[in-house]
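The chains referred to below are lettered A, B, ... by the order of the sequence lines, with proteins before strands, and numbering in each begins at 1.
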Amino acid sequence: MSAPIRVRFAPSPTGYLHIGGARTALFNWLYARHHGGTFMLRIEDTDRERSTPESVRAILDGLRWLGLDWDEGPEIGGAHGPYFQTERIALYRETVEGLRAKGRAYRCTCTREEIDARRKLIGPAYRYEGTCKDDRDPGDKPFVYRFRLPESGRVEFADRVVGKIGKMVSDLYDEVLCRADYVPLYNFGCVVDDHHMGITLVGRGQEHINSTFPQLLLYEALGWQPPEFAHFPLILGPDREKLSKRLHPEADVMLHKKNGMLPEALLNYVVRLGWSHGNDEVISRAQMIEWFDFDRVGSTSGVWDPTKLAWLNQKWIEAGDDKRLAELSLTFFQDRNVPVSANDPKVVRAMALLKGRAKSLSELADQGLFFFTRGLPSMDAAAEAKFLTSAAKPLLADARKLIADHGLADPHALEEKFRALATERGLGLGKVAQPVRVAVTGTTASPPLFDTMALIGQDEVLARLDAVLARIA
RNA sequence: GGCCCCAUCGUCUAGCGGUUAGGACGGCAGCCUCUCACGCUGCAGACAGGAGUUCAAUUCUCCUUGGGGUCACCA
């Protein structure tokens, strides 16, 4: 237990970073950060058909957006590289030949077609039967390297989150280690690299529990000390199926960025899916690092709940720094054809008024458009019909006069003037404020009216009121 | 189907033999209030079922049921 902790996240670059992967990365990252260990990134790009450099970039971008920085890996290197499996072929070759010399690996010339035919015949219970286990010279036939299982026995390990798990060797089969060109398959590459990279604990999703058994047998055959394992509960979609790219669009981490989620909110939501710390719900990155460990990770799958994510996002937007929020909101305003610039103090001031009432940055932008447009805002038809009536016209005219006379610089003072006006007429403040709000913002819901008008500016507010007055018969 | 894992409110979870089974999201009702949101208060809402073990089971064991995962020259 005195060895320094080294963990890794090892995605295959076959698409964007998905939520399940992000949480696996997060749990590993938190474990490393909590214990002062090393978090490394390894790219498992051995599926030559599906791996792409674009996917590598997408995954790195996703991790960076979430703030999950790696101590060793692509782009920064480290003492245990290279960090792309396709650059480590010599190692796999040396290892598989060593295994073959010990009689623990053999060359198999069965073709995919042959195996598929047998599988089709026997059904889902089919296991490769070891046809080629005498390791004959393949001649010029294509072949792969297979692992020779022990005759019998049982594999067991104590998982850090699930507990004791075991399986009979008779339920396993001689699986493919690597192809003839030594490009490894998952279980082989994973074991070889985890060992040579000094990984002390493998943290991954529970879908990998079953691959742990052959991996353990490999460690044994190689004479290597296996790492610890921690298998995290799965994240399920609304349909209770494992969250997947195919079935669930929300599995895409960057989709949430596009939807206006803050990375700290997504991290907060995802860390609570399977891990808890008492009754704490809103948890900062620093607190996660302080509190996280595998003893608090549960073992039951969790269902993705966009509603709770939205709630957390609102909390984190509300807690956000105005300047940073302004920068992050920029793109959302621009998408709505409102050209604003991040260093515009008006944008920063708008954040103070807008945050806390929006569940996402995109909602925030929708709710704040009227701050940055000129002239009559786009009107909510129902609001207009209800509040911008001929009966309200005199009230609006009086309100306009108050604003023209007193200005907007002192919202509290102006509010008192409005209140007096309302009282004079035997009305509540709301009766005056609502028509003005609709006239100025186009809707019935906005930040506090007097602060809102102050930010819009006197000339613009008066212009909007005049335009409305002119529209009312 | 074989194997593996799991099982507390609709959802995320606390609970680590004795609790009025707690919190959060969501829902509902109310308060606050210039609107919305926030906030506050309250209400409804769970130990899958059956055997054991024990003075005592949500908690330990087994079975059933249910759910999920996995059975590739993908990871």
Nucleotides 67-75 of chain B: protein proximity per nucleotide (B base, S sugar-phosphate only, - neither; heavy atom, under 4.0 Å): -SBSBSBBB
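- In terms of the salt bridge (charged side-chain N to carboxylate O under 4.0 Å, His left out) criterion, residue partners of A:Lys308 (sequence neighbours excluded) are, by chain and number, A:Glu281.
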Under 4.0 Å protein heavy-atom contacts per nucleotide of nucleotides 27-45 of chain B, with B for base, S for backbone only and - for none: -------BBBBSS------
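- A cation-pi geometry, defined here as NZ or CZ lying under 6.0 Å from the six-membered ring centre and within 45° of its normal, holds between A:Arg146 and A:Tyr128.
- Between the side chain of A:Asn279 and the base of B:G22, a donor-acceptor pair under 3.5 Å is found.
- When both pairing distances are held under 3.5 Å, B:A21 makes no Watson-Crick or G-U pair with any nucleotide shown.
- Screening residues 421-430 of chain A for salt bridge (charged side-chain N to carboxylate O under 4.0 Å, His left out), with sequence neighbours left out, gives A:Asp398-A:Arg425.
- Nucleotides B:A57 and B:C74 place their C1' atoms 46 Å apart, quoted to the nearest Å.
- Atom pair A:Lys308:NZ and B:G23:P shows a separation of 14 Å (rounding to whole Å applied).
- Separating the CG atom of A:Leu273 from the C1' atom of B:C12 is a distance of 7 Å, rounded to the nearest angstrom.
- Using the Watson-Crick or G-U wobble rule with both distances under 3.5 Å, B:C43 pairs with B:G27.
- Rounded to whole Å, the distance from CE on A:Met168 to P on B:C3 is 12 Å.
- In this structure, the CZ atom of A:Arg23 is 12 Å from the C1' atom of B:C12, given to the nearest Å.
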Going by atom type alone, with no hydrogens or angles, which donor-acceptor pairs under 3.5 Å involve a side-chain atom of residues 406-420 of chain A and a protein atom two or more places apart or on another chain?
| unit_1 | atom_1 | unit_2 | atom_2 | d |
| --- | --- | --- | --- | --- |
| A:Asp410 | OD1 | A:His412 | N | 3.2 |
| A:Asp410 | OD1 | A:Ala413 | N | 3.1 |
| A:Glu415 | OE2 | A:Arg419 | NH2 | 2.5 |

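- Scanning for salt bridge (charged side-chain N to carboxylate O under 4.0 Å, His left out) contacts around A:Arg48 gives A:Asp181, with sequence neighbours left out.
- If you take CD of A:Glu129 and P of B:G2, they are 21 Å apart, rounded to a whole angstrom.
- Comparing A:Glu281 and A:Ser276, the nucleotide of RNA chain B nearest to each residue sits closer to the 5' end for A:Ser276.
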Validation: residues 232-246 of chain A side-chain donor-acceptor distances under 3.5 Å, sequence neighbours left out:
| unit_1 | atom_1 | unit_2 | atom_2 | d |
| --- | --- | --- | --- | --- |
| A:Asp239 | OD1 | A:Glu241 | N | 3.1 |
| A:Ser244 | OG | A:Leu247 | N | 3.2 |
| A:Lys245 | NZ | A:Tyr16 | O | 3.3 |

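- Nucleotide B:G2 holds its P atom 17 Å from the CG atom of A:Leu172, rounded to whole Å.
- Spacing between B:C32 and B:C38 at atom C1', rounded to whole Å, works out to 11 Å.
- In this structure, A:Arg357 has no salt bridge (charged side-chain N to carboxylate O under 4.0 Å, His left out) partners at least two apart in sequence or on a different chain.
- The pairing partner recorded for B:U70 is B:G2, the criterion being a Watson-Crick or G-U wobble arrangement whose two distances lie under 3.5 angstrom.
- B:U13 atom C1' lies 15 Å from atom CD1 of A:Ile235, rounded to whole Å.
- Shown here, B:C60 forms a base pair with B:G52; the pair counts as Watson-Crick or G-U wobble because both key distances fall under 3.5 Å.
- A centroid separation of 6.0 Å or more is found between the aromatic rings of A:Trp304 and A:His18.
- Applying the ring pair (Phe, Tyr, Trp, His ring centres under 6.0 Å) definition to pairs two or more places apart or across chains, those involving residues 164-195 of chain A are A:Tyr145-A:Tyr182, A:Tyr186-A:His208, A:His195-A:Trp224.
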Contact letters for nucleotides 61-66 of chain B, in which S counts primed atoms plus P, OP1 and OP2 and B counts the base, heavy atoms under 4.0 Å: ------
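- Remark: B:C32 base-pairs with no nucleotide; criterion is Watson-Crick or G-U wobble with both hydrogen-bond distances under 3.5 Å.
- In terms of the salt bridge (charged side-chain N to carboxylate O under 4.0 Å, His left out) criterion, A:Glu175 has no residue partners (sequence neighbours excluded).
- Between A:Phe39 and A:Phe9, the gap from one ring centroid to the other reaches at least 6.0 Å.
- Note on residues 429-458 of chain A: no pairs pass salt bridge (charged side-chain N to carboxylate O under 4.0 Å, His left out), not counting sequence neighbours.
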